[in-house]
Amino acid sequence: MKKYFTGFAAIAMVLTCVCMSSCKNDRISNLMAELNGELMFDSVVFNDSVGFGEGVEVTVDLNVAYPISGNKTLTDSINAWICCQLEDTALVMKDDVKGLVKNYGALTFGTDSAEVAAILKENESEEEINWLHYCLEKRIKVVYEDTCFVTIRCFTFRDMGGAHGFPYQNTATFYKTGDRIGCQAGWDLTAKIDDETLDRNLKKELMQYCNAESEDALCEELFSKEGGMMSKDEFKNHFPLPVTPPYLTKEGIMVIYQMYEIGPYAFGMPECVIGQWEGR
């Protein structure tokens, strides 16, 4: 028995040493990355939910990546962008994104819960409410990075008891180097793409997205920027660019049309490759 115990003790000591060595190596790696100005991210999560009976619920689900090391100009710009996605447009908590996520989540959860409780109270004497869902979901994460750029995406889904929830996606590409470090690339990414190529690529991607057999068939699916269905003249001569700027991914230079921007709710949020990045 003593022999077996000694063996287990030896194994435990080895595992402990390996674990301590691994943790130490991780700390050293993180420290070296910080000293070298390497861009690194961590994430913070907020989850809360409450039920008010069958079919009536409030949920808040946040998962936010944020920089923990790197060039200060770059990390400040990324943090400022994250703040704007979390409704801190005054950038009050730019230096405490972790705290901002928790505050924003708690405030949204409290406000939504109070509103649902008030709706239920107002309808006590009327027909029973058997479905009411208030939901906020936000996912902020890094979707692309190379030596010159980093792209961060914020996906939001909001439901406040309507016929359906409303998704929204905001994506930004930041310069990591040079005299524009920390700036968003935006439409600068398309500087080498002429208007005719951009128009052709957008229509091609949208045709594939909705399985349209021809440009005429695609035109019949789309909304005009003034409202109503898109005319053939607008489709041919004034095709609308997305409201949100382009961003860089491993597939190339991308754009996205938001919900209802170019088609009905069922059309969704088409994401289109409009060109390949060829350098500055």
Side-chain angles (χ1 to χ4, degrees), residues 41 43-66 78-94 96-123 129-143 151-173 184 209 223 225 227 240 242-247 249 254-272:
F41 288 82
S43 61
V44 55
V45 173
F46 178 96
N47 299 105
D48 210 345
S49 63
V50 61
F52 293 82
E54 186 176 354
V56 182
E57 185 180 23
V58 172
T59 62
V60 175
D61 184 5
L62 311 175
N63 192 321
V64 176
Y66 63 98
I78 294 173
N79 281 339
W81 184 86
I82 293 172
C83 283
C84 291
Q85 313 312 307
L86 301 176
E87 300 182 17
D88 178 19
T89 54
L91 311 183
V92 174
M93 300 192 72
K94 179 173 66 68
D96 185 15
V97 172
K98 195 172 182 179
L100 172 60
V101 171
K102 294 180 179 179
N103 290 351
Y104 175 70
L107 178 61
T108 304
F109 181 73
T111 302
D112 284 4
S113 298
E115 188 166 330
V116 169
I119 292 172
L120 293 174
K121 186 175 181 179
E122 289 174 4
N123 288 271
I129 296 176
N130 53 25
W131 189 92
L132 181 62
H133 191 196
Y134 272 45
C135 166
L136 173 65
E137 177 185 345
K138 275 188 183 286
R139 297 281 185 271
I140 298 179
K141 64 179 182 177
V142 178
V143 294
T151 300
I152 304 175
R153 173 170 294 160
C154 176
F155 173 82
T156 301
F157 181 82
R158 188 70 164 122
D159 190 348
M160 299 182 71
H164 52 68
F166 194 86
Y168 183 82
Q169 180 175 297
N170 195 8
T171 309
T173 295
Q184 293 185 41
Y209 175 80
F223 283 172
K225 60 182 178 181
V243 172
T244 47
Y247 44 91
T249 73
M254 309 282 288
V255 293
I256 189 169
Y257 288 94
Q258 303 295 337
M259 194 66 65
Y260 290 120
E261 185 177 352
I262 200 170
Y265 185 86
F267 197 74
M269 302 164 63
E271 194 173 27
C272 307

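Predicted model, so just to flag it, every value in this text is computed and none were measured.
- For Glu115, the side-chain hydrogen bond (donor to acceptor under 3.5 Å, both in side chains) partners two or more places apart in sequence, or in a different chain, are Tyr134.
- With sequence neighbours excluded, the residues forming a side chain to side chain contact (heavy atoms under 4.5 Å, CB included) with Asn103 are Met93, listed by chain and number.
- With sequence neighbours left out, Thr108 forms a side-chain hydrogen bond (donor to acceptor under 3.5 Å, both in side chains) with no residue at all.
- To the nearest 0.5 Å, atom CZ of residue Phe41 and atom CD1 of residue Ile140 are 11.0 Å apart.
- By the side chain to side chain contact (heavy atoms under 4.5 Å, CB included) test, Ala117 is found to be paired with Phe52, residues two or more places apart in sequence or in another chain being considered.
- Partners of Tyr209 under the ring pair (Phe, Tyr, Trp, His ring centres under 6.0 Å) rule, at least two apart in sequence or in another chain, are Phe267.
- Remark: Asn79 pairs with no residue by the side-chain hydrogen bond (donor to acceptor under 3.5 Å, both in side chains) rule, at least two apart or across chains.
- We find the CG-NZ distance between Asp48 and Lys102 to be 13.0 Å, quoted to the nearest 0.5 Å.
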Report all side-chain donor-acceptor pairs from residues 56-66 shorter than 3.5 Å, counting only partners two or more places apart or in another chain.
residue, atom, partner, partner atom, Å
Asp61, OD1, Asn47, ND2, 2.4
Asp61, OD1, Arg139, NH1, 3.4
Asp61, OD2, Arg139, NH2, 2.7

In residues 152-163, what donor-acceptor pairs under 3.5 Å come from side-chain atoms, sequence neighbours left out?
residue, atom, partner, partner atom, Å
Arg153, NE, Thr171, OG1, 3.3
Arg153, NH2, Glu271, OE2, 2.9
Thr156, OG1, Lys138, NZ, 2.8
Arg158, NH1, Asp112, OD2, 2.8
Arg158, NH1, Cys135, O, 3.2
Arg158, NH2, Asp112, OD1, 3.1
Arg158, NH2, Asp112, OD2, 3.2
Asp159, OD1, Gly161, N, 3.0

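- Between Glu54 and Trp131, the closest side-chain pair of non-hydrogen atoms is not below 4.5 Å.
- The side chain to side chain contact (heavy atoms under 4.5 Å, CB included) check on Ala90 picks up Asp88, Val92, with sequence neighbours excluded.
- Nearest heavy atoms, Leu91 versus Ala80: CD2-O, 3.6 Å.
- Shown here are the side chain to side chain contact (heavy atoms under 4.5 Å, CB included) partners of Thr111, two or more places apart in sequence or in another chain: Leu107.
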Chi angles and distances behind the side chain to side chain contact (heavy atoms under 4.5 Å, CB included) call for Val142, Thr151:
CA-CA 6 Å; Val142 178; Thr151 300; over 6 Å; no

N/O donor to acceptor pairs below 3.5 angstrom from side-chain atoms of residues 258-266, sequence neighbours left out:
residue, atom, partner, partner atom, Å
Gln258, OE1, Gln169, N, 3.1
Gln258, NE2, Gln169, O, 2.5
Tyr260, OH, His164, NE2, 3.3
Glu261, OE1, Gln258, N, 2.8
Glu261, OE2, Val243, N, 2.6
Tyr265, OH, Gly165, O, 2.9

Should Leu136 and Tyr104 be marked as a side chain to side chain contact (heavy atoms under 4.5 Å, CB included) after you check the CA-CA gap, both sets of side-chain angles, and the distance that decides it?
CA-CA 11 Å; Leu136 173 65; Tyr104 175 70; 3.6 Å; yes

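- Around atom NZ of Lys94, more than 12 heavy atoms belonging to other residues, nucleotides or ligands sit under 6.0 Å away.
- Between Thr244 and Tyr168, some side-chain heavy-atom pair lies under the 4.5 Å cut-off.
- Leu120 has its side chain within reach of Ile129: a pair of non-hydrogen atoms, C-beta onward, lies under 4.5 Å apart.
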